[in-house]
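All figures in this text were calculated on a predicted structure; none of them were measured in a lab. In this chain, numbering begins with 1 at the start of the sequence shown.
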Amino acid sequence: MPHPTSALDHTTGSGTPDRPPRWAPAARTTALLTTLGILMAGQMYTVLALLHPMATEFGTTPAQVTWTATAFGFAYAAGFLFAGPLCDRYGPRAVITVGLTAATASTAAVSAVSDLPTAVVLRSLQGLTAATFAPAALSYVVRHIAPRHRGTSLTCITSGMLAAAVVVQVGAQAVAAGIGWRAVFWISAVLMALNLFPVRRVLRPTPRGGTDGGLLQAFAAMPRLLRQPRLGALCLSTVALMTAFVSLYTAVAIAGPPAVTGNSTAILALRASALPALIAVPLLVPVLGRLPAPLRAALAFALASLTVATGSFLGGHTALLALALLLFVAAVAVAAPAVVETINANAPQARGAAVALYGCSMFIGASLGPQLAGALTGLGFDGILLVVAGVLLLGASLILPAMRHSTP
């Protein structure tokens with residue numbers, strides 16, 4: 001199967017033919033974008049570790065506070081639809097810079113909220129501004145990173161955004177326990193502001209020659225892409241993947257496995273247990289890359305479903321549950337970049353719009369995850385896991401059309 005970015009292999013970073021490529025430094029660029037991915041995508045997950053203190057201060061329940069995660073996620077998904085075409089028109093670095101500035105302000109504003117309705121509104125604004133990063137980052141990699149490094153860069157960035165669900169929750173829980181939940185947001189705002197200089201220093205502007213056709217034409221690419229059945233199915237599979245991923249972590253917070261319920265240290269350890277998987281998966285890119293991306297994605301979905309279903313029968317065995325969570329997160333970390341590679345391969349002429357649809361699908365799923373877990377609390381932790389396993393099997397089935405049309 002050709003590499004999803006092979007259409008740019010003999011172009012400049014902007015896609016302009018007949019000139020020698022001048023690729024950006026892969027290591028520095030990947031490190032910066034991965035770090036920012038953890039910080040920006042992590043804002044989706046901060047409140048999952050803050051549900052109880054926020055509920056206490058607002059005089060409501062943790063289940064109601066999950067709406068702050070859902071509001072962020074839907075706004076984040078909508079923001080992707082605008083950010084992708086803006087990248088095609090103005091270039092990824094410009095979009096990242098403006099978006100990072102706006103996200104700094106909106107994140108600082110969340111730290112000052114005094115009631116749940118205001119928190120939901122400001123979290124929506126935060127999601128909309130933070131959404132500019134991911135499609136711009138992935139688009140930058142496709143345009144500016146040499147082909148031999150792109151697979152590793154994409155995996156590191158997507159793994160970083162998945163790792164945010166673990167890293168940011170662990171950090172948020174620790175900060176909230178020490179100096180209060182509001183500090184989580186103003187510390188995040190400071191970190192965003194500090195990254196503005198590295199963004200301008202490390203990332204290169206995209207020559208305008210690669211953005212011909214105007215902004216309206218860039219936006220018009222999206223409905224054309226959605227009319228392709230395989231792309232529509234891949235987007236739905238992404239919704240399923242992220243719904244399952246966030247549902248599981250929300251279930252840990254609000255339903256809790258019996259052995260760790262009420263034990264904040266045990267919950268923290270359970271969240272952190274998946275981190276080795278997110279470090280290991282990027283190192284396995286040379287091996288995993290031997291499989292066609294659609295097959296790799298389908299197998300990863302199946303593994304994720306199997307481990308979650310197994311986890312539902314482990315009951316009070318916390319160590320075994322942590323192992324199941326480790327394998328689950330590893331499978332998700334393999335599936336996510338495989339799906340985005342497959343989507344890119346099916347939309348070579350509108351990569352920014354395609355990545356935007358992928359990101360939108362991710363965070364529609366991430367937004368549905370907390371509500372699914374909240375609605376299923378009556379089933380208990382084990383029941384939620386069985387439903388999540390079914391969602392993952394559905395996602396695997398949606399990848400099958402892309403597998404049938406892939407080429408060696």
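Here the CG atom belonging to Leu295 is positioned 14.5 Å from the CZ atom belonging to Arg290, to the nearest 0.5 angstrom. To the nearest 0.5 angstrom, Arg201 atom CZ is 8.0 Å from Arg28 atom CZ. Here the straight-line distance linking atom OG1 of Thr104 with atom CD of Gln126 works out to 10.5 Å at 0.5 Å rounding. Once rounded to the nearest 0.5 Å, the distance linking CG of Leu241 with CD1 of Ile399 reads 8.0 Å. Taken from OG1 in Thr243 to CG in Leu248, the straight-line distance is 12.5 Å, to the nearest 0.5 Å. Taken from CG in Leu299 to CG in Leu288, the straight-line distance is 10.5 Å, to the nearest 0.5 Å.
A distance-only check finds no donor-acceptor pair linking the side chain of Ser305 to the backbone of Ala302 [under 3.5 Å]. Side-chain atoms of Thr310 come within 3.5 Å of backbone N or O of Leu306 as a donor-acceptor pair. Side-chain atoms of Ser397 come within 3.5 Å of backbone N or O of Leu394 as a donor-acceptor pair. The backbone N or O of Ala304 sits less than 3.5 Å from a side-chain atom of Thr307, completing a donor-acceptor pair. For Arg93 (side chain) and Leu203 (main-chain N/O), a donor-acceptor pair under 3.5 Å exists by modelled atom type.
Across all non-hydrogen atoms, the minimal contact from Gly311 to Leu321 is O-CD1, 3.9 Å. Annotation for Gly42 and Val168: closest pair O-CG1, 3.3 Å, computed over non-hydrogen atoms. Across all non-hydrogen atoms, the minimal contact from Ala373 to Ser247 is CB-O, 3.6 Å. Of all heavy-atom pairs between Val308 and Ala389, the closest is CG1-N, 3.9 Å. Listed here is the closest heavy atom pair of Leu194 and Pro198: O-CD, 3.3 Å. Minimum heavy-atom separation, Gln169 to Ala49: O-CB, 3.4 Å.
Every residue meeting the side-chain contact (heavy atoms from CB on, under 4.5 Å) condition with Leu100, not counting sequence neighbours, appears here in chain and number order: Leu36, Met40, Met192, Asn195, Leu196, Val199. Applying the side-chain contact (heavy atoms from CB on, under 4.5 Å) criterion to Ala330, with sequence neighbours excluded, gives Ala277, Val281. By the side-chain contact (heavy atoms from CB on, under 4.5 Å) test, Ala136 pairs with Cys87, Pro92, Val95, Ile96, sequence neighbours left out. Taking the side-chain contact (heavy atoms from CB on, under 4.5 Å) definition, one finds that Leu376 meets it with Leu372, Leu379, Ile384, Val387, sequence neighbours left out.
Here the side chains of Ile157 and Tyr140 are not in contact, with every heavy-atom distance at 4.5 Å or above. Taking 4.5 Å as the limit, every side-chain heavy atom of Phe313 sits out of range of all side-chain heavy atoms of Leu385. With a 4.5 Å cut-off on side-chain heavy atoms, Phe58 and Thr68 do not count as touching. Taking the side chain as every heavy atom from C-beta outward, Leu326 and Pro276 approach each other to under 4.5 Å. Side-chain contact between Phe245 and Val391 is absent, with no heavy-atom pair separated by less than 4.5 Å. The side-chain heavy atoms of Phe74 and Leu368, taken from C-beta on, include a pair separated by under 4.5 Å. Side-chain contact between Thr60 and Trp67 is absent, with no heavy-atom pair separated by less than 4.5 Å.
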- Query: Run the side-chain contact (heavy atoms from CB on, under 4.5 Å) check on Val167 and Tyr45 step by step: do they pass?
  - Reply: CA-CA 9 Å; Val167 175; Tyr45 308 106; over 6 Å; no
- Query: Can you list the steps and then say if Leu234 with Leu398 is a side-chain contact (heavy atoms from CB on, under 4.5 Å)?
  - Reply: CA-CA 6 Å; Leu234 288 167; Leu398 291 167; over 6 Å; no
- Trace of the side-chain contact (heavy atoms from CB on, under 4.5 Å) decision for Leu48 with Val246: CA-CA 9 Å; Leu48 298 183; Val246 179; 4.3 Å; yes
- Query: Val47 and Arg123: side-chain contact (heavy atoms from CB on, under 4.5 Å), yes or no, with the steps?
  - Reply: CA-CA 10 Å; Val47 295; Arg123 284 280 290 170; 3.7 Å; yes
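Under the 3.5 Å distance criterion, with hydrogens and angles disregarded, no donor-acceptor pair is assigned to the side chains of Ser188 and Thr107.
Listed by first and then second residue, the salt bridge (charged side-chain N to carboxylate O under 4.0 Å, His left out) pairs involving residues 170-187 are Glu57-Arg182 (not counting sequence neighbours). Among residues at least two apart or in separate chains, side chain to side chain donor-acceptor pair (under 3.5 Å) pairs with a member in residues 69-82 are Thr70-Gln371.
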